[in-house]
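Here the structure is a predicted model, which means the values were calculated and not measured. The analysis underlying the following values was restricted to heavy atoms, covering all of them including side chains, and did not include hydrogens, waters or symmetry mates. In what follows, chains are A, B, ... by sequence order, proteins preceding strands, each numbered from 1.
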2 protein chains.
Amino acid sequence: MGTIYDLAKITGFSITTVSKALNNYSDVSEKTKAKIVQAAADMGYLPNAHAQSLSTKRSWTIGVMFSEANEVGMMHPFFNAIIESFRKATEQQGYDLIFASRNLRNRDMSYLEHFQHRAVDGIVVICSDQMDKHVQELIQSSIPIVVVDMDSTDCSVVFSDNLSGGTLAVNHLYELGHRLIAHIAGDMTIDAGLARIEGYKQAMDRLALPIPDGYLINGGFFSVEEGKQAMQMLLALPKRPTAVFVAGDQMAIGAMEAIHEAGLQVPHDISVVGYDDIEMSKYVTPKLTTVRQDTERIGQHAAELLIEQIVNKRRVMTTDIIPVDLIVRQSTGPVKP
Amino acid sequence: MGTIYDLAKITGFSITTVSKALNNYSDVSEKTKAKIVQAAADMGYLPNAHAQSLSTKRSWTIGVMFSEANEVGMMHPFFNAIIESFRKATEQQGYDLIFASRNLRNRDMSYLEHFQHRAVDGIVVICSDQMDKHVQELIQSSIPIVVVDMDSTDCSVVFSDNLSGGTLAVNHLYELGHRLIAHIAGDMTIDAGLARIEGYKQAMDRLALPIPDGYLINGGFFSVEEGKQAMQMLLALPKRPTAVFVAGDQMAIGAMEAIHEAGLQVPHDISVVGYDDIEMSKYVTPKLTTVRQDTERIGQHAAELLIEQIVNKRRVMTTDIIPVDLIVRQSTGPVKP
DNA sequence: CATTTCACCGAAAGCGCTTTCGATAAATTT
DNA sequence: AAATTTATCGAAAGCGCTTTCGGTGAAATG
């Protein structure tokens, strides 16, 4: 592989000139530039990123952190899709992603510390947990940052339009004739969960629909199992809802399972609409009607926001809300007469 | 944040002593060690990873590469689960994962080059594509490496026991009375696909079951859509199979969809068993009988294998085969009389 | 008391690269 | 022909850290 010293020796130029040639400086002649570049290619020279970073204070890396109450991390299809599109976008600009832990050899340190240690150029946090101390610490730091799926005025954030998502779902059910519409919510400590609740409430209110006791139920942290349990509670209600808006697809899948286990049919007896549009949604039975989040756009946009801060060397605090779509499939139908 | 120079100034010791104190060298007294460590804590000192790497030739990073014919990368639940368990295991040892692209700023380079540039300590490749030039290049290099889900004698590999997986599936179906057992295979360029085909063939052979024309069908690269199409071919056969072993859960889900769309029932008319046991498998309808791959163990084991090579500074070429389990759910049932 | 051992510390070189600031020779202008 | 630009190059410092190799004074040994 070799270093610029080797290159200098081979070509007969100084390391300064070699470095300049490789970095296409204007004060080295085309002729020597060509020679050096050729020699570099011949020996398979590659610059050492660490040396470069040390010298330029620019590492071309972006730290990524997951913070979630339910600890699913990369495993959740929604977050996973976002990070994937984020990766594509940043990669194209020459950045590499680094997943840092809180563990530095023996030592235990915060994410911020770890990212500082690694000297990342920026940080993306895929987050649903407002209360996470690490996230707060990151936001308060001076490193360029963008956080996804959480609300904050202290940094750039990008998330889906959860408010109208809730409305979209409720209105759809209303148009199908449903009046008894329940909501299996995400935990209120999670912004997305809260906003969807709000969307649900507002929509119900606008439609002059009451929200009976027990119709707004906490489904916790978006897992299939929790969705199932919440649905069981709903089914046990004296006045059973005819439709339910579920704050996440996985929970919705759990809810449908609960409904089926109770011997009822979706959507014949109960309609359900989910949230996210994870890939599986169109393959479960019945295919899930859901509010699609545009993960592609969220990831891409987060990348742009972050890179802009990195290159302009100034923090920016925007909050960008990405529109959502209602995808009507087969888990919703007209209310039984 | 500060550097060891600042620490030296503050404490009055030389940078040598500061460095030694921080690294717990034995030739610095407990007293001064304490002073220095205290000062470091006070100023929130953190070592610069790039400087450390430059000086020690050890970056405490592991490069990860995905290589797949279908380009789903991190999005595939199976690979995703593996990388997650891999991450947990390496993280615990102090390594960070870096996802490198092939794009270095303007320059286009190979993965190997990129990893060399980043000076990673080791590489993990999550791979199903034997033919990938980049993968071959990585394997031929001298960097410690482990590859998952592919077979090779030139490096450490770890993958599931696909052979007996196929057998497990076929035997299960046989015991249920099925004799017309088809196989929707993964592409033969993919080791896992090939091995499962082999397992299927061997099992059929042992059971003295013929494999009628068209019963072994290529499902391509494991997507839902391809599974669906393959199943449609199967359904169009003059002598329809009563059971089908599908080389991947996503394909199996597609296959079930095709069956349902044809107006048939799983498992009443046709039994299907999948492969992987992705999370969704237990939530589709009917719940999928499948061969579970132990992603937890695969990732963990790959991590151990890689780290061992890193610390011992010698390449190791083992091939570790992780056992699989048959998970019987509801997509398989006795053959119709 | 002279000598050896030991505990503790620091100078200096090196890791591979960038970047400032001069220096030199050639080209251009008066 | 003298003065000024311009083009091209290199010395050297610096980025933040590790590690070898000596050097000192104090303790232990004879």
Donor-acceptor pair (no angle test) under 3.5 Å: [X] side chain, [N] base:
X	N	answer
A:Lys20	D:dG10	yes
A:Asp27	D:dC9	yes
B:Tyr25	C:dC8	no

Take the protein atom [atom1] of [X] and the nucleotide atom [atom2] of [N], then report the distance between them rounded to whole Å.
X	N	atom1	atom2	result
B:Met43	D:dG16	CE	C1'	13 Å
B:Asn24	C:dC9	CG	P	14 Å
B:Asp6	D:dG16	CG	P	9 Å
A:Trp60	C:dC17	CH2	C1'	16 Å
A:Leu22	C:dG16	CG	C1'	12 Å
A:Asn48	D:dC17	CG	P	16 Å
A:Ile15	D:dA13	CD1	C1'	11 Å
B:His50	C:dC17	NE2	C1'	13 Å

Donor on one side chain, acceptor on other, [X] and [Y], under 3.5 Å:
X	Y	result
B:Thr17	B:Ser14	yes
B:Ser85	B:Glu296	no
A:Asp320	A:His301	yes

Candidate nucleotides [options], ranked by approach to the side chain of [X] - the nearest:
X	options	result
A:Phe13	C:dC9, D:dC9, D:dG16	D:dC9
B:Tyr5	C:dT19, D:dG16, D:dG10	D:dG16
A:Ser14	D:dA11, D:dT19, D:dC15	D:dA11
A:Val28	D:dG10, D:dC9, C:dG16	D:dC9
A:Ser29	C:dT18, D:dC9, D:dC15	D:dC9
B:Lys57	D:dG16, D:dT18, C:dC15	C:dC15
B:Gln52	D:dT18, C:dG16, C:dC9	D:dT18
A:Ile4	C:dC17, C:dG10, D:dC15	C:dC17

Item to check | pair A:Val147-A:Ser152: side-chain heavy atoms closer than 4.5 Å | outcome: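 Not in contact.
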Next on the checklist: So B:Thr32, base contact, sugar-phosphate only, or nothing? Heavy-atom distance under 4.0 Å.
Outcome noted: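 The answer is sugar-phosphate, as B:Thr32 gets under 4.0 Å only of primed atoms, P, OP1 or OP2.
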Checklist entry - Base, sugar-phosphate, or nothing for B:Ser19, non-hydrogen atoms under 4.0 angstrom? => result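 Result for B:Ser19 = base.
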Next on the checklist: So that I know where these two stand, are A:Phe99 and B:Phe99 an aromatic pair - ring centroids less than 6.0 Å apart?
Outcome noted: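 Close enough - the centres of the two rings lie under 6.0 Å apart.
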Next on the checklist: Tell me every residue that passes ring-ring contact (aromatic ring centres under 6.0 Å, His included) with A:Tyr111, counting only those two or more places apart in sequence or in another chain.
Outcome noted: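 In terms of ring-ring contact (aromatic ring centres under 6.0 Å, His included), with neighbours along the sequence ignored, A:Tyr111 is linked to A:His134.
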Checklist entry - Between atom CD of B:Gln300 and atom CZ of B:Arg87, what is the distance when rounded to the nearest 0.5 Å? => result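 Answer rounded to 0.5 Å: 13.5 Å.
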Checklist entry - Going from CG on B:Leu305 to CZ on B:Phe86, what distance comes out if it is rounded to the nearest 0.5 angstrom? => result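 Separation between the atoms: 10.0 Å.
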Checklist entry - Over its full length, what angle do the end axes of the helix from C:dC1-D:dG30 to C:dT30-D:dA1 make, each axis taken from five pairs and the result rounded to 10 degrees? => result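 Angle reported: 50°, given to the nearest ten degrees.
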Checklist entry - Which sits closer to the 5' end of DNA chain D, A:Thr16 or A:Ser26, going by the nucleotide each is nearest to? => result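 Whichever sits nearer the 5' end wins; that is A:Ser26.
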Checklist entry - Between B:Ser55 and B:Glu30, which has a closest nucleotide on DNA chain C that is more 5'? => result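 Whichever sits nearer the 5' end wins; that is B:Glu30.
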Checklist entry - Which of these passes salt bridge (Lys or Arg N to Asp or Glu O under 4.0 Å) with B:Asp121: B:Arg58, B:Lys57, B:Lys313? => result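 Considering B:Arg58, B:Lys57, B:Lys313, a salt bridge (Lys or Arg N to Asp or Glu O under 4.0 Å) with B:Asp121 is found only for B:Arg58.
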Next on the checklist: Just N and O in the side chain of B:Asn23: are any of them under 4.0 Å from OP1 or OP2 of D:dT18?
Outcome noted: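 Yes, because at least one side-chain N or O of B:Asn23 sits under 4.0 Å from OP1 or OP2 of D:dT18.
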